[in-house]
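This report concerns only the one structure given below.
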Amino acid sequence: MLKYKMKLMLLLAVLTLSTQSIAGVIFSSADDILGGYSDGSQFLVGDECFNSTENCWPGGEDPTNIIDGFGQKYLNFIGDESPSGVIITASIGSTIADSIKLWTANDAESRDPASFELYGTNIDLTGSAFSLNLFDLIANGPLALPSSRNNGGAGELLDINSQTISFSNSNAYSSYLVLFPTVKDADNANSTQIAEIQLFGEVAQVPEPSTLAIFALSIIGFASRKFKK
């Protein structure tokens, strides 16, 4: 009888947790990401290139690097003249963001972003050009990234080389646009670069019933085996 009560308690706990928001990180390496820049009315997706003034990045310094959990950077050559950035669609679904954290790249402090703009949307994004009217402004303002550098490649992301900005927001979004309008020293920068971006907040969606049931059963199965020992 005791083991059945334990199973019931575990199931009720899982069901209760499913109706609550889950706080934590929003971006992961499983997310869809598009690099590019804003011309003032649209976000235009870029591509790979080398040593250019166009909306593009060198091989190995593409947009996926800013959500990979390592120090390798994303660099966009157009970023010293126009706001470069990324659109990220979170794989965990609709979320409510309340802070953003950014880590410095491995070199050239002049290329560090000096300001940011964060937007959100629930529109299904397909294509290579997106009107800014599709996005709601969530937060913006100046940045004060440290002079210290993270290592590139598989280097560890260190908190001492980062900045976190908190903001008020109660709206849920499935995709986020992050733009960097300015850099620290535009006269001596040929691009904008950043090692990593992370949003923090909470999941706004309740898991699908089928997913929840599988999760609950797996927890109960594990507990049953544990209590048999």
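- Other residues sharing a hydrophobic cluster with F77 under the 4.5 Å side-chain heavy-atom criterion for ILVMFWY residues are L75.
- With sequence neighbours left out, the salt bridge (charged side-chain N to carboxylate O under 4.0 Å, His left out) criterion links E117 to no other residue.
- Applying the ring pair (Phe, Tyr, Trp, His ring centres under 6.0 Å) test to residues at least two apart or on different chains, the pairs with a partner in residues 25-69 are W57-Y74.
- A 4.5 Å side-chain heavy-atom check between F130 and L125 finds at least one atom pair inside the cut-off.
- When every heavy atom of E196 is checked against every heavy atom of F70, the shortest pair comes out as OE1-O, 3.3 Å.
- The stretch residues 113-189 participates, sequence neighbours left out, in no disulfide bond (SG atoms under 2.5 Å apart) pair at all.
- Sequence neighbours left out, not one pair with a member in residues 117-193 passes disulfide bond (SG atoms under 2.5 Å apart).
- By the criterion of side-chain heavy atoms lying less than 4.5 angstrom apart, applied directly or through intervening Ile, Leu, Val, Met, Phe, Trp or Tyr residues, L102 is grouped together with I67 in one hydrophobic cluster.
- Tracing side-chain contacts under 4.5 Å through hydrophobic residues (I, L, V, M, F, W, Y), one never reaches I88 starting from V45; they form parts of separate clusters.
- Once rounded to the nearest 0.5 Å, the distance linking CD1 of I194 with CD of E61 reads 13.0 Å.
- Among residues at least two apart or in separate chains, there is no salt bridge (Lys or Arg N to Asp or Glu O under 4.0 Å) pair with a member in residues 29-47.
- Hydrophobic cluster membership for W103: L157 (Ile, Leu, Val, Met, Phe, Trp, Tyr linked by side-chain heavy atoms under 4.5 Å, directly or transitively).
- Between the T95 side chain and the A97 main chain, no donor and acceptor come within less than 3.5 Å of each other.
- Identified under the disulfide bond (SG atoms under 2.5 Å apart) test for residues 70-106, with sequence neighbours left out: none.
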Determine, step by step, whether N55 and N76 satisfy the side-chain hydrogen bond (donor to acceptor under 3.5 Å, both in side chains) criterion, reporting the C-alpha distance in whole Å, the side-chain angles of both residues, the deciding distance to 0.1 Å, and the verdict.
-> CA-CA 6 Å; N55 177 26; N76 193 312; 3.0 Å; yes
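- A single hydrophobic cluster is not seen to contain both I123 and I26; linkage of ILVMFWY side chains at heavy-atom distances under 4.5 Å, directly or through other members, places them apart.
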Verify side-chain hydrogen bond (donor to acceptor under 3.5 Å, both in side chains) between D98 and N169, making sure each step is shown before the conclusion.
-> CA-CA 6 Å; D98 59 18; N169 172 49; over 6 Å; no
T53 vs N190, side chain to side chain contact (heavy atoms under 4.5 Å, CB included): CA-CA, chis, key distance, verdict = CA-CA 8 Å; T53 58; N190 65 351; over 6 Å; no
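- Residues that satisfy the salt bridge (charged side-chain N to carboxylate O under 4.0 Å, His left out) test with K184, not counting sequence neighbours, are E109, D112.
- Contact between T104 and S148 at its shortest, heavy atoms only, is OG1-O, 2.8 Å.
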Can you check side chain to side chain contact (heavy atoms under 4.5 Å, CB included) on L158 and N150, steps first, answer last?
-> CA-CA 7 Å; L158 302 176; N150 283 286; 4.0 Å; yes
Passes side chain to side chain contact (heavy atoms under 4.5 Å, CB included), N140 versus Y119? Steps please.
-> CA-CA 9 Å; N140 65 337; Y119 300 82; over 6 Å; no
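- Looking at N65, its side chain does come within 3.5 Å of a backbone N or O of G60 through a donor-acceptor pair.
- Rounding to the nearest 0.5 angstrom, the gap separating the CD atom in Q193 from the CZ atom in F180 is 11.0 Å.
- The CG atom of L177 sits 10.5 Å away from the CG atom of L134 when rounded to the nearest 0.5 Å.
- Residues satisfying the salt bridge (charged side-chain N to carboxylate O under 4.0 Å, His left out) criterion with D187, sequence neighbours excluded, are absent altogether.
- At a threshold of 4.5 Å between side-chain heavy atoms, the hydrophobic network of Ile, Leu, Val, Met, Phe, Trp and Tyr places L137 and Y176 in two separate groups.
- Contact between S94 and A172 at its shortest, heavy atoms only, is OG-CB, 3.3 Å.
- At distances below 3.5 Å, not a single donor-acceptor pair connects side-chain atoms of D68 with backbone N or O atoms of S29.
- Contact annotation: the side chain of I33 approaches that of I66 to within less than 4.5 Å [non-hydrogen atoms, C-beta and beyond].
- The shortest side-chain heavy-atom distance between V86 and L34 does not fall under the 4.5 Å cut-off.
- Atom CG of L143 is separated from atom OG1 of T182 by 7.5 Å, given to the nearest 0.5 angstrom.
- Annotation: the span from L44 atom CG to S84 atom OG amounts to 12.0 Å, rounded to 0.5 Å.
- Heavy-atom neighbours of E48 CD from other residues, nucleotides or ligands within 6.0 Å: above the threshold of 12.
- Applying the disulfide bond (SG atoms under 2.5 Å apart) rule to pairs touching residues 36-126 yields C49-C56, sequence neighbours excluded.
- Of the candidates N122, T121, T89, D124, T89 is the only one forming a side-chain hydrogen bond (donor to acceptor under 3.5 Å, both in side chains) with S175.
- Taking hydrophobic clusters as Ile, Leu, Val, Met, Phe, Trp and Tyr residues chained together by side-chain heavy-atom distances below 4.5 Å, I197 shares a cluster with L118.
- Atom OH of Y173 sits about 5.0 Å away from atom CD1 of I138, to the nearest 0.5 Å.
- Here the closest heavy-atom approach between residue S191 and residue V183 is recorded as O-CG1, 4.1 Å.
- S28 places a side-chain heavy atom less than 4.5 Å from the side chain of S91.
- Under the salt bridge (charged side-chain N to carboxylate O under 4.0 Å, His left out) criterion, D107 pairs with K73, R111, sequence neighbours left out.
- Between the side chain of Q163 and the backbone N or O of A144 there is at least one donor-acceptor pair closer than 3.5 Å.
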